K.L.:
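Sharing a structure, written as structure tokens. Questions coming.
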Amino acid sequence: MTARIIDGKALAGVVRQEVAEGVAALVTGGGAVPELAVVLIGDDPASHVYVANKIRQTEAVGMRSRQFVLDAETTERQLLDVIETLNRDPAVSGILVQFPLPSHIDTARVVTAIRPDKDVDGFNPLNVGRTAAGMEDALVPCTPLGVMRLIRSVHADIAGLGALVVGASNVVGRPMARLLLQELCTVSIAHIRTTDLERRCREADILVVATGVPGLIRGRFIKPGATVIDVGITRIRSGSGNEKLVGDVAFDEAIEVAGAITPVPGGVGPMTIACLLANTLSAARMAVARSKAAEADASAAA
Ligand code: NAD
């Protein structure tokens, strides 16, 4: 059996098209053009590449973007002041602070400072709680949101399927497990201290792997016919000295056993940015709905 390859690049194109149409409809209906503010601290080259990519894609779907590049010595107070200004600015629909932050800045404090209804990364504790409770107004972290869309491209209904999420970070593993539970999968989470990973993986109809350990999941770990989503991205130097990206799943082995599998690159990665755009549109739509509700309240009270 050779697995179907789930084309994340193509699906991301579909999501971007949906967002572009949503932006056009919002503006036609009298809403402002959604705007994403991106804050970048320090000079990490990879972060600069990610931010440039996010901004390019934001503008390509008809949204505005604003970029704040702060030097590595920026204090936590200065960063929180920038966030507060963006929180108050009605033109800003979404705020993204690019991680990792310099070590002198408390990431949790920054995440908590972003207004929940502009928190397009979905990391504010209020959005974490809303996601856990399955509330519709949650802004859900982009990578797990993209993974759900990839899974839905294979399965019309995943209720009752067994899902294992390998990796328990706040960015990927935990919100991923919550979303799968929301769809009524029977969900387990594995992490660095989990014993007998191979056996647990082999029980999963849906296996989502996000550890950052290249090749952790071997072909023999996979249940025949399972859907395998590889979130991991690690840059390694190949034999010829060139750099390449690899995932957490031994792809050449897994493709012989799985029913469907995402490649690295070209699987989860492109969906993450596409879902950031979708979240920015959702935030803008919610802002329009709130201001309409406020107007209706005001005219009812008059
Ligand atoms: P993290 O380091 O915060 O968390 C890793 C998790 O994996 C931890 O819960 C840890 O317990 C678990 N883990 C580590 N080694 C393990 C092992 N041997 N067996 C079982 N569990 C193990 O990482 P993260 O931020 O969640 O990212 C994970 C990977 O996903 C990284 O490669 C990262 O680059 C990638 N990532 C990709 C995207 C994307 O858009 N494709 C987005 C976010 C993260």
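When reading the values below, keep in mind they use all heavy atoms of this one structure, side chains included, and skip hydrogens, waters and symmetry mates. Start at 1 and go down the list; that is how both ligands and their atoms are numbered. For clarity, every value in this text was computed on a predicted model and none was experimentally measured.
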K.L.:
Non-hydrogen atoms closer than 4.0 Å to ligand 1: which protein residues do they belong to? List them by chain and number, please.
P.N.:
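If the criterion is a heavy atom under 4.0 Å, then ligand 1 touches T143, V166, G167, A168, S169, V172, H191, I192, A210, T211, G212, V213, L216, V231, G232, I233, V268, G269, T272.
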K.L.:
Any salt bridge (charged side-chain N to carboxylate O under 4.0 Å, His left out) pairs touching residues 10-26, not counting sequence neighbours?
P.N.:
E18-R149
K.L.:
With the side chain counted from C-beta on, respond yes when I41 and P102 share a heavy-atom pair under 4.5 Å apart, and no when they do not.
P.N.:
yes
K.L.:
Mind checking what makes salt bridge (charged side-chain N to carboxylate O under 4.0 Å, His left out) contact with D44, not counting sequence neighbours?
P.N.:
none
K.L.:
Taking side-chain contact (heavy atoms from CB on, under 4.5 Å) as the definition, give me every residue that meets it alongside D117, ordered by chain and number, with sequence neighbours left out.
P.N.:
R115, R290
K.L.:
Taking all non-hydrogen atoms of both residues into account, name the closest pair between T280 and S93 and its distance.
P.N.:
O-CB, 4.2 Å
K.L.:
Is it the case that one hydrophobic cluster holds both Y50 and V61, taking links as side-chain heavy atoms less than 4.5 Å apart, direct or via other members?
P.N.:
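In one cluster with Y50: V61, no.
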